[in-house]
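For reference, the structure is listed below as structure tokens.
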Amino acid sequence: MSKSASQHEKNTSQNKTAASSPPMTASRPPRVLVGMSGGVDSAVAAYLLKEQGYDVIGVTMQIWQDEREDEHTPESSCCSLSAVEDARRVAQTLDIPFYVMNFKDYFRETVIDYFVREYRAGRTPNPCIACNRYVKFEELMRRARLMGCEYVATGHYALIEADPATGRTLLKKSVTDRKDQTYALYQMTQEQLRHTLMPLGRYHKEDIRLIAAGLKLPVADKAESQEICFVPDNNYGRFIEEYDGTIAEKGLFKDQTGTPVGTHKGVIHYTVGQRKGLGLAMGTPVYVTDILPDRNEVRIGSQEDLMASGLFAGDLNFIPYNTLPATTRVTVKIRYNATAVPGTGALTEDGRLQVLFDAPQKAVTPGQSVVLYDGDLVVGGGVIQERIR
RNA sequence: UGGGAUAUAGCCAAGUCGGUAAGGCAGCGGACUUUGACUCCGUCAUGCGCAGGUUCGAGUCCUGCUAUCCCAG
């Protein structure tokens, strides 16, 4: 608490920027490619890096939006054409080179295809994690190298720090727990972390807005983006059906005993823990407890039926070490905006991650990621495969 | 077509000696949110099967009708 208080006392940028100058290895300052979404965060990130002396290049990735859609795109969508224009104006204001790059095919393959495939399989994907992993820190970084950039930078609220003891690069929570975005970054490799800058990790959102306002950036009071960027109207079910042209097949809601209690609209429309939109008047609130795509069945039950004592996860990545050393005490996030809860993590013989919670948790959802923390340090995580009751 | 019971919002349901329609679920709206999750807040019957009657006043009493259920046929 005292930490964040002291952060507030500092003036918005002057002291801090001076304290963290770039590593001037040669005569030329290192070049950094800043991924600019058109929002206020990445705009200020670009500004901070420029102030710190980096050779900053602004890039907006075209990942989805078609030209014809620009008129009706809500402002909250992070990658719309209007967002491109916002980013361009910011770059002009900051006097940095600005480019728009086409990532549509790559984004489609690594994010949208995955997103649709997972929902079809009865899981709940997190497209932001896939986008970070493959698009921002793999493909964008690859292209950054081609442009002679040492680093890729983003407006994520997270900290990247070298650990002199081990030589590894660590990922830590931002000083603002509320805005912390490390959950969506846990898949980053050592190589990626070494070449990534996240200058916002030491700031609070309010500071960022103040800085943006002080610079008269055109996006200073732009709304937060909220929904999945490629589903601007938030109707992801319709998006999936239009994307692959397959209408979701209706099926049965069943209770915990297997008794049919209603008809569902198709497996893709549900996520574990969901209560709203079921249309089931059971006299007491009911939640989705399991999605069984093989039987096209959605199981519902009470809050108690939602509880889990732990989970198994695959597709693992660890950051302070190559693999989880032993049974480890951690705090655990099982959903993007869940609070971290205490538990233990361990690897199974078949190489999966087993997490056991100290206290039962609600709505462990296959397809979502579990991220392990040791205090502010991101230990790693993986994709949830199944819950342990 | 003998007897009994019940008919209150989409569902369940309270409604006392007649006094001016609880609550839950669902729905809808909003807050929160980098997942249509959770959570929270707000909203939701000028009307109680239909038609009459009694009364200052009826969901509550009376009459008739209709529907459904149960028992007997």
Side-chain angles (χ1 to χ4, degrees), chain A residues 35 37-42 63-64 74 76-79 83 111-112 114-116 118-119 122-133 135-136 154-158 174 177-186 200 205 222-241 248 253 255 261-291 298 300-308 333-339 341 360-369 371 383-384 387:
Chain A
S37 67
V40 61
D41 292 331
S42 52
I63 54 175
W64 173 249
S76 50
S77 184
C78 72
C79 307
V111 180
I112 302 180
Y114 147 82
F115 177 81
V116 171
E118 286 289 286
Y119 264 114
R123 292 186 288 267
T124 306
N126 188 317
C128 298
I129 291 175
C131 178
N132 286 334
R133 180 180 185 178
V135 182
K136 295 194 183 104
T154 64
H156 283 106
Y157 287 85
S174 71
D177 197 53
R178 206 178 65 76
K179 288 301 296 181
D180 174 65
Q181 290 171 318
T182 52
Y183 176 83
L185 298 167
Y186 78 95
L200 301 195
K205 182 76 184 191
K222 190 172 172 179
E224 303 281 302
S225 69
Q226 300 184 350
E227 54 283 302
I228 307 170
C229 65
F230 51 93
V231 191
D233 65 353
N234 236 5
N235 190 337
Y236 82 83
R238 194 182 68 195
F239 175 88
I240 292 171
E241 293 186 336
F253 280 123
D255 67 15
V261 292
T263 305
H264 73 241
K265 295 181 295 184
V267 142
I268 61 163
H269 292 98
Y270 305 95
T271 184
V272 171
Q274 180 173 340
R275 169 183 176 180
K276 292 286 178 184
L278 306 184
L280 296 170
M282 308 293 286
T284 167
V286 288
Y287 303 83
V288 172
T289 61
D290 302 274
I291 297 172
V298 175
I300 63 151
S302 66
Q303 287 218 43
E304 275 186 20
D305 300 323
L306 260 186
M307 301 309 266
K333 273 181 83 160
I334 58 171
R335 206 142 189 143
Y336 72 109
N337 60 356
T339 43
V341 297
Q361 296 299 305
K362 267 197 302 189
V364 166
T365 305
Q368 291 287 295
S369 283
V371 178
V383 177
I384 297 171
R387 75 160 151 165

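In what follows, chains carry the letters A, B, and so on, assigned in the order in which the sequence lines appear, proteins first and then strands, with residues in each chain numbered from 1. Computed from a predicted model, the values in this text were never measured in an experiment.
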Taking the [atom1] atom in each of [N] and [M], what is the distance between them to the nearest angstrom?
| N | M | atom1 | answer |
| --- | --- | --- | --- |
| C61(B) | A7(B) | P | 11 Å |
| U6(B) | A13(B) | P | 14 Å |
| C50(B) | U55(B) | P | 23 Å |
| C69(B) | G59(B) | P | 28 Å |
| G42(B) | C32(B) | C1' | 15 Å |
| U8(B) | U60(B) | C1' | 11 Å |
| C56(B) | A51(B) | P | 23 Å |
| C12(B) | G2(B) | P | 30 Å |

Would you kindly give the [atom1]-to-[atom2] distance between [X] and [N], to the nearest whole Å?
| X | N | atom1 | atom2 | value |
| --- | --- | --- | --- | --- |
| Asn337(A) | C32(B) | CG | C1' | 9 Å |
| Met307(A) | C38(B) | CE | C1' | 12 Å |
| Gln303(A) | C38(B) | CD | C1' | 8 Å |
| Ile291(A) | G36(B) | CD1 | C1' | 13 Å |
| Ile300(A) | A37(B) | CD1 | P | 18 Å |
| Asn126(A) | U33(B) | CG | P | 16 Å |
| Lys205(A) | U33(B) | NZ | C1' | 13 Å |
| Arg335(A) | U39(B) | CZ | P | 12 Å |

Item to check | Presence of Arg275(A) side-chain N/O under 4.0 Å of A26(B) phosphate oxygens OP1/OP2 | outcome: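 So the side-chain polar atoms of Arg275(A) do come within 4.0 Å of the phosphate oxygens OP1 or OP2 of A26(B), strictly under.
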Checklist entry - Are the side chains of Met282(A) and Asp255(A) in touch, meaning some heavy atoms are under 4.5 Å apart? => result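 Result no, sub-4.5 Å side-chain heavy-atom pair not found.
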Checklist entry - Considering only heavy atoms from C-beta outward, does the side chain of Asn126(A) approach that of Glu118(A) to under 4.5 Å? => result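 The answer is no; the side chains never approach within 4.5 Å.
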Next on the checklist: Once rounded to the nearest 0.5 Å, what's the spacing between atom OH of Tyr270(A) and atom CD1 of Ile291(A)?
Outcome noted: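 Output value for this atom pair is 9.5 Å.
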Item to check | Between NZ on residue Lys136(A) and OG1 on residue Thr154(A), distance to nearest 0.5 Å | outcome: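 If we round to the nearest 0.5 Å, Lys136(A):NZ and Thr154(A):OG1 are 7.5 Å apart.
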Checklist entry - Quick one: does Glu241(A)'s side chain have a donor or acceptor within less than 3.5 Å of a partner on Ala248(A)'s backbone? => result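 Yes, the answer is positive, given that a donor and an acceptor are paired below the 3.5 Å cut-off.
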Next on the checklist: When you measure from the side chain of Tyr236(A) to the backbone of Ile268(A), do you find a donor-acceptor pair of N or O atoms at a distance under 3.5 Å?
Outcome noted: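 Flag set: sc Tyr236(A) to bb Ile268(A) pair under 3.5 Å.
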Checklist outcome for this item: For RNA chain B, the dot-bracket notation using Watson-Crick and G-U wobble pairs below 3.5 Å, [ ] for pseudoknot-type crossings and | for other-strand pairs, is .(((((((.[[[..)...(...]]].(((((.......))))).....[[[[[..)....]]]]]))))))..
Item to check | Residue mapping more 5' on RNA chain B - nearest nucleotide basis, Gly283(A) or His269(A) | outcome: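 Between the two, 5'-proximity favours Gly283(A).
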Checklist entry - 5'-most contact on RNA chain B: Gln274(A) or Leu280(A), nearest heavy atom basis? => result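 Its nearest nucleotide lies further toward 5', so the answer is Leu280(A).
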Checklist entry - How is Pro285(A) classified with respect to the nucleic acid when contacts are heavy atoms under 4.0 Å: base, sugar-phosphate, or nothing? => result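 Touches sugar-phosphate only.
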Checklist entry - Is Thr124(A) touching bases, backbone alone, or none of the nucleic acid, heavy atoms closer than 4.0 Å? => result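 Base, at least one base heavy atom under 4.0 Å.
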So which nucleotide from [options] ends up closest to the side chain of [X]?
| X | options | answer |
| --- | --- | --- |
| Tyr287(A) | C38(B), U33(B), A26(B) | C38(B) |
| Lys276(A) | C25(B), C38(B), G36(B) | C38(B) |
| Asn235(A) | A37(B), C25(B), G36(B) | G36(B) |
| Ala281(A) | A26(B), U39(B), G36(B) | A26(B) |

Next on the checklist: Using the side-chain contact (heavy atoms from CB on, under 4.5 Å) criterion, which residues pair with Ala130(A)? Sequence neighbours excluded.
Outcome noted: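 For Ala130(A) the side-chain contact (heavy atoms from CB on, under 4.5 Å) partners, ignoring immediate neighbours, are Val111(A), Tyr114(A), Tyr134(A).
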Checklist entry - Testing Leu278(A), Thr263(A), Val286(A) for side chain to side chain contact (heavy atoms under 4.5 Å, CB included) with Phe253(A), which one passes? => result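 Output: one option passes, namely Leu278(A).
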Checklist entry - Would you call the rings of Tyr186(A) and Tyr183(A) parallel, tilted or perpendicular, where under 30° means parallel and over 60° means perpendicular? => result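 Tyr186(A) vs Tyr183(A) ring planes: tilted.
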